[in-house]
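Because the structure is predicted, anything quoted here is derived from the model rather than measured.
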Amino acid sequence: MTKPTLNILLASPRGFCAGVDRAIQIVEVALQRYGAPVYVRHEIVHNRYVVQGLEAKGAIFVEELDEVPDGRPVVFSAHGVPKSIPAEAESRQLMYVDATCPLVSKVHREAERHHADGRQIILIGHAGHPEVVGTMGQLPAGVVLLVESEEDVRTVQVDDPLNLAFVTQTTLSVDDTVQIVAALKARFPAIAGPRKEDICYATTNRQTAVKAIAAKADAILVLGAPNSSNSMRLVEVAAKHGCTNSMLVQRATQIDWAMMDNVKTLGITAGASAPDILVQEVIEACRERYDIQIEEVVTAVENITFKLPRGLAAAE
Ligand code: 0CM
Ligand code: SF4
């Protein structure tokens with residue numbers, strides 16, 4: 001029996017970013033250097049496949065430092081941690097390695113600089129996300145105010161409109177953030193901040209790439225996890241740009257093949273924490289059912305890498 005045809009549009013860039021690559025490498029190098037178990041506070045990146053792979057090598061994932069026994073090394077996840085966490089590790093004389101993405105650390109330093117200059121800070125981000133908890137926790141409680149929407153901008157109570165700055169989470173929707181920043185500038189014309197926002201190159205590039213395939217695809221699959229902010233934003237961006245039939249899947253086994261009945265062109269992308277092997281798994285699952293043709297749609301070429309932290313680099 002001949003298989004039906006399926007055109008696959010592969011968004012590029014997609015999948016791992018430099019910060020995720022570095023964070024995973026940090027856990028692997030720590031395992032080699034210190035032996036198992038190495039503890040990791042929070043999922044190193046928001047992906048079960050990655051977490052399970054590291055667990056198999058001897059990593060133990062915990063949510064809080066008090067779950068780490070004395071004398072064992074602990075790695076902090078790519079999303080960043082409040083200042084209280086390294087302080088607590090130091091007070092317990094725990095060996096820790098910070099895998100915070102350098103682009104998240106950059107936002108931490110920006111917030112500290114504004115605070116040192118006497119400004120109150122507004123963070124644009126999603127409440128409860130670990131990156132938001134980490135960025136707010138760079139400064140004393142109450143110094144950083146969180147806004148999630150234009151509505152929040154209308155109601156936020158600031159101490160002095162002339163002494164304000166904003167910073168953002170790195171994995172937001174670029175288009176939604178433009179609106180929120182515009183609302184902030186309209187209400188507080190003197191607000192200081194980055195030239196645009198603090199959304200990282202990987203988030204920006206993956207959103208641009210999914211936009212390029214959205215209008216041409218009957219359905220889009222985004223490989224990623226529900227707790228992955230950048231992956232969830234890809235699902236939303238695809239829906240807003242012409243493909244309402246856009247879905248998050250963690251593995252090929254989650255694909256609803258009944259929903260694929262009328263799909264002639266399928267778009268595929270992956271969040272910054274989703275390994276390429278999961279994309280390949282989806283392509284293979286499609287190949288079993290369809291006669292597939294793959295077209296890669298490239299909107300940017302990335303060649304960014306980040307060095308390992310001092311103390312973990314190969315020669316040390
Ligand atoms: O921040 P987000 O939820 O998108 O995290 P992630 O682990 O899915 O992606 C990589 C990062 C960071 C910071
Ligand atoms: Fe860093 Fe961006 Fe990757 Fe997060 S998504 S780890 S901020 S490069």
Side-chain angles (χ1 to χ4, degrees), residues 17-27 40-46 63-65 74-91 94 96-148 156 158 163-172 174 177 180-181 184 191-204 227-230 233 272-273 304-312:
C17 61
V20 163
D21 221 42
R22 173 180 180 269
I24 295 169
Q25 241 183 294
I26 287 173
V27 180
V40 184
R41 185 186 175 281
H42 192 70
E43 289 187 331
I44 186 73
V45 299
H46 290 144
E63 279 309 311
E64 295 302 337
L65 267 197
V74 57
V75 178
F76 304 148
S77 82
H79 316 96
V81 286
K83 274 218 156 68
S84 57
I85 301 299
E88 186 188 335
E90 272 158 35
S91 77
L94 288 177
Y96 68 84
V97 190
D98 189 354
T100 303
C101 176
L103 299 181
V104 174
S105 300
K106 181 172 152 254
V107 180
H108 292 178
R109 300 294 82 79
E110 257 172 53
E112 283 185 318
R113 188 169 40 81
H114 287 306
H115 181 57
D117 291 344
R119 299 189 181 101
Q120 193 176 23
I121 294 146
I122 295 180
L123 167 64
I124 305 173
H126 298 292
H129 187 281
E131 183 181 328
V132 164
V133 174
T135 300
M136 295 184 87
Q138 298 306 302
L139 293 167
V143 170
V144 182
L145 305 170
L146 180 68
V147 299
E148 298 191 77
V156 67
V158 304
N163 262 312
L164 268 186
F166 77 90
V167 295
T168 79
Q169 194 176 336
T170 57
T171 52
L172 301 176
V174 173
T177 308
I180 299 175
V181 169
L184 273 176
I191 196 165
R195 197 169 55 85
K196 286 176 15 198
E197 18 64 10
D198 298 301
I199 298 172
C200 72
Y201 79 96
T203 298
T204 306
N227 61 340
S228 167
S229 169
N230 79 86
R233 300 299 78 81
S273 45
I304 294 177
T305 55
F306 294 134
K307 288 199 193 95
L308 292 185
R310 261 201 295 273
L312 267 201

* Do L164 and L184 have side chains that get closer than 4.5 Å, going by heavy atoms? -> no
* Are I180 and E197 side-chain neighbours, meaning at least one heavy-atom pair lies under 4.5 Å? -> no
* To do: Report yes if the side chains of V167 and H108 come closer than 4.5 Å at any heavy-atom pair, otherwise no.
  => no
* Heavy-atom pair with the smallest gap, counting every atom of A89 and L65 -> N-CD1, 3.7 Å
* For the student: nearest non-hydrogen atoms of T171 and S229, plus distance -> OG1-OG, 3.0 Å
* L172 vs H126, side chain to side chain contact (heavy atoms under 4.5 Å, CB included): CA-CA, chis, key distance, verdict -> CA-CA 8 Å; L172 301 176; H126 298 292; 3.5 Å; yes
* Asked: With a 3.5 Å cut-off and no angle check, do the side chains of T170 and E131 form a donor-acceptor pair?
  -> yes
* Structure fact -> Nearest heavy-atom contact between Q169 and I199 is O-CG1, 4.0 Å
* Write down the atom of A78, the atom of V104, and the distance for their closest heavy-atom approach. => O-CG2, 4.0 Å
* Asked: Who are the salt bridge (charged side-chain N to carboxylate O under 4.0 Å, His left out) partners of K83, not counting sequence neighbours?
  -> E112
* **D198 backbone acceptor or donor facing T168 side chain under 3.5 Å** => yes
* **Closest contact, heavy atoms only, H115 versus L139** => CD2-CD2, 3.4 Å
I'd like a table of donor-acceptor pairs (distance under 3.5 Å, sequence neighbours excluded) in which one partner is a side-chain atom from residues 19-27, with atom names and distances.
from : atom 1 : to   : atom 2 : distance (Å)
R22  : NE     : K307 : O      : 2.7
R22  : NH1    : T100 : O      : 3.1

* Side chains of F166 and H114 in contact at under 4.5 Å (non-hydrogen atoms) -> no
* Parallel, tilted or perpendicular for H79 and H46, by the 30°/60° rule? -> parallel
* **Test log, rule side chain to side chain contact (heavy atoms under 4.5 Å, CB included), inputs V144 and T135** => CA-CA 9 Å; V144 182; T135 300; 5.6 Å; no
* Structure fact -> Smallest heavy-atom separation, A18 atom then Y201 atom, equals N-OH, 2.9 Å
* To do: Can you run down the salt bridge (charged side-chain N to carboxylate O under 4.0 Å, His left out) pairs that involve residues 114-126, sequence neighbours left out, and say none if there aren't any?
  => D117-R119
* Asked: If you measure from OG on S84 to CD on Q138, what distance do you get to the nearest 0.5 Å?
  -> 9.0 Å
* **C17 SG to L103 CG distance, which is reported to the nearest 0.5 Å** => 8.5 Å
* Asked: Do R41 and E63 sit within salt-bridge range, that is, some charged N less than 4.0 Å from a carboxylate O?
  -> no
* Quick one: do R233 and T203 satisfy side chain to side chain contact (heavy atoms under 4.5 Å, CB included)? Show the steps, please. => CA-CA 9 Å; R233 300 299 78 81; T203 298; 5.8 Å; no
* Quick one: which of N163, I191, L145 gives a side-chain contact (heavy atoms from CB on, under 4.5 Å) with Q120? -> L145
